[in-house]
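See below for the structure under consideration.
Being a predicted model, the structure only gives us computed values, none of them experimental.
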Amino acid sequence: MDVKQLPTLAVLSDYVTVCELDGLKVVRVIHPKATAAISLFGGHVLSFTPTGKKETIWMSGKADFTGNKAIRGGIPVCWPWFGKAAEPSHGFARTSEWTLNEHRENDEGVIISLTLSDTAETRVIWPHAFHAELLMEVSDTLKVSLVSTNTGESAMQIGGALHTYFNIGDIHQTTVSELGNEYIEAGERKPSTGKTTFEGEVDRIYPQAADTVIIEDAANQRRIEVSNQGNNGVVVWNPWQTLAEGMADMEDDGFLTMVCAESAVYDRSVTLQPGEKHTLSTEVICK
C-alpha cells in the first residue's frame, strides 16, 4: 500500500495525518524512520514500511474498506476472543470503530493510541464493561500492544490475537522457526520440530513457541523477527489455494505472498478481576 497517496483529511502534526481510504478514516504516519497506516475501523494496521526496506504487512488487493466487514490483511485485532469461541468469530473489536486518543512523536518515531470501550451494542454480544487501548509504536520496528482493562464489577475472561499478515516474496521459499516442540491442529496436539515450511494449508497453534519467532523470507532476502509478550501461543496460518479461491476478499493467488504469525491468547485463559489489566503485544523487526 502506498500510504503517501491517500487523500488527506486533517494534518495533526509534522508526522501524523488523518486520511481517507474508500469509506474509512486512516491515521497515516510518515516519519524519517518509517511509514505506516492505521484504520480507525478495527484499530487495524494496514501498512508498515521501514525506510529503505520493503513493505512488511500484506494486504489483500480485494480487501473491503467499506466498514461493512473485517479487513483482509494487515493486523486485525481479534478480541475479546480468538477464533470461533463465540459469535462473532474473532470477536467484535476488528469490526468496531476505535477512537484516536493520542499521538506522540520525536526523532525516534511516533506512538499512536487508539481506544475502545463498551457500549450498549457490545454488552449485548459480551456482557462486560471494559476499556481497550491499542498502542502502535512506529519506528525502525513496529510494536503493537493491546491493553485490556476490566472496568466492570465482576471478573471477565478474555482471549484474542494480533493477527499479523506478513508480506513475503514466495510462500514456497518461506520458513517460520522458533516454534517449540508441539502444535495444536484441528484440536489435536502433535509433535513439532520447531520449524515449519509450506506445501499446503497450515493452520496451527504453537503453545510452546519462543518469545521471538523468525520468518525467513528468502525470496525477499530478509529475516523478520516477531517478538511477542502476554500470549500463550503463536498461530501460524496460510490458507493455500483452495481456501484462497473461496474467499471473496482475497485474490486466488494471494496465499503465495502472505503468511500469518500471530501473538495469541487462543483459549480465553486470561481472567481479569475488576480493575485488572492485561497486555498482549507483538513487535516486528525486519533485517
Side-chain angles (χ1 to χ4, degrees), residues 38-46 57 69-99 101 112-119 121-137 142-152 154-166 183-184 187 203-209 211 213 226-237 260-284:
I38 304 150
S39 168
L40 294 182
F41 175 74
H44 197 125
V45 176
L46 305 176
I57 303 299
K69 62 182 293 187
I71 300 168
R72 177 69 64 188
I75 309 182
V77 179
C78 303
W79 192 89
W81 52 79
F82 172 77
K84 297 180 180 179
E87 289 294 331
S89 181
H90 290 313
F92 52 79
R94 65 182 186 148
T95 53
S96 295
E97 192 74 17
W98 292 65
T99 299
N101 176 55
I112 303 294
S113 166
L114 306 183
T115 58
L116 181 70
S117 295
D118 58 287
T119 63
E121 289 77 14
T122 68
R123 289 190 293 272
V124 169
I125 300 170
W126 192 57
H128 295 285
F130 69 86
H131 178 79
E133 182 180 21
L134 274 168
L135 288 169
M136 288 87 159
E137 302 173 48
L142 172 67
K143 184 174 184 180
V144 181
S145 301
L146 173 60
V147 184
S148 307
T149 304
N150 182 350
T151 59
S154 60
M156 68 186 198
Q157 289 185 295
I158 62 169
L162 298 169
H163 191 330
T164 312
Y165 288 72
F166 289 97
Y183 62 84
I184 303 168
D203 188 359
R204 298 172 179 170
I205 300 166
Y206 289 85
Q208 306 297 331
D211 289 345
V213 300
V226 188
S227 295
N228 304 310
Q229 295 292 328
N231 61 318
N232 67 353
V234 169
V235 178
V236 177
W237 181 63
C260 289
E262 313 168 29
S263 180
V265 176
Y266 61 89
D267 55 1
R268 282 209 287 187
S269 59
V270 172
T271 299
L272 295 181
Q273 299 297 331
E276 287 187 338
K277 296 183 179 183
H278 173 264
T279 300
L280 175 69
S281 69
T282 191
E283 184 171 14
V284 179

If you apply the rule side chain to side chain contact (heavy atoms under 4.5 Å, CB included), what do you find for Phe166 with Val226, and how did you get there? CA-CA 10 Å; Phe166 289 97; Val226 188; 3.5 Å; yes
Could you grab the distance from atom CG of Asn228 to atom CG of Asp211, nearest 0.5 Å is fine? 8.0 Å
Are any non-hydrogen side-chain atoms of Leu280 and Asn231 less than 4.5 angstrom apart? yes
Taking atom NE2 of His44 and atom CZ of Arg72, what is their separation to the nearest 0.5 Å? 9.5 Å
What residue among Thr149, Thr115, Thr279, Leu114 forms side-chain contact (heavy atoms from CB on, under 4.5 Å) with Glu133? Thr115
If you measure from OG1 on Thr282 to CG on Leu146, what distance do you get to the nearest 0.5 Å? 11.5 Å
Check the angle between the aromatic planes of Phe92 and Trp126 and answer parallel, tilted or perpendicular using the 30° and 60° thresholds. tilted
Where do Ser269 and Asp267 come nearest, in terms of heavy atoms and distance? OG-OD1, 2.7 Å
So CD of Gln157 and NE2 of His128: to nearest 0.5 Å the spacing works out to 8.0 Å
Within-4.5 Å side-chain heavy-atom neighbours: Thr95 and Phe41: yes
Quick one: pull up OG1 in Thr122 and CZ in Phe130 and give me the separation to the nearest 0.5 Å. 4.5 Å
Parallel, tilted or perpendicular: which describes the rings of Tyr165 and Trp237, with under 30° parallel and over 60° perpendicular? perpendicular
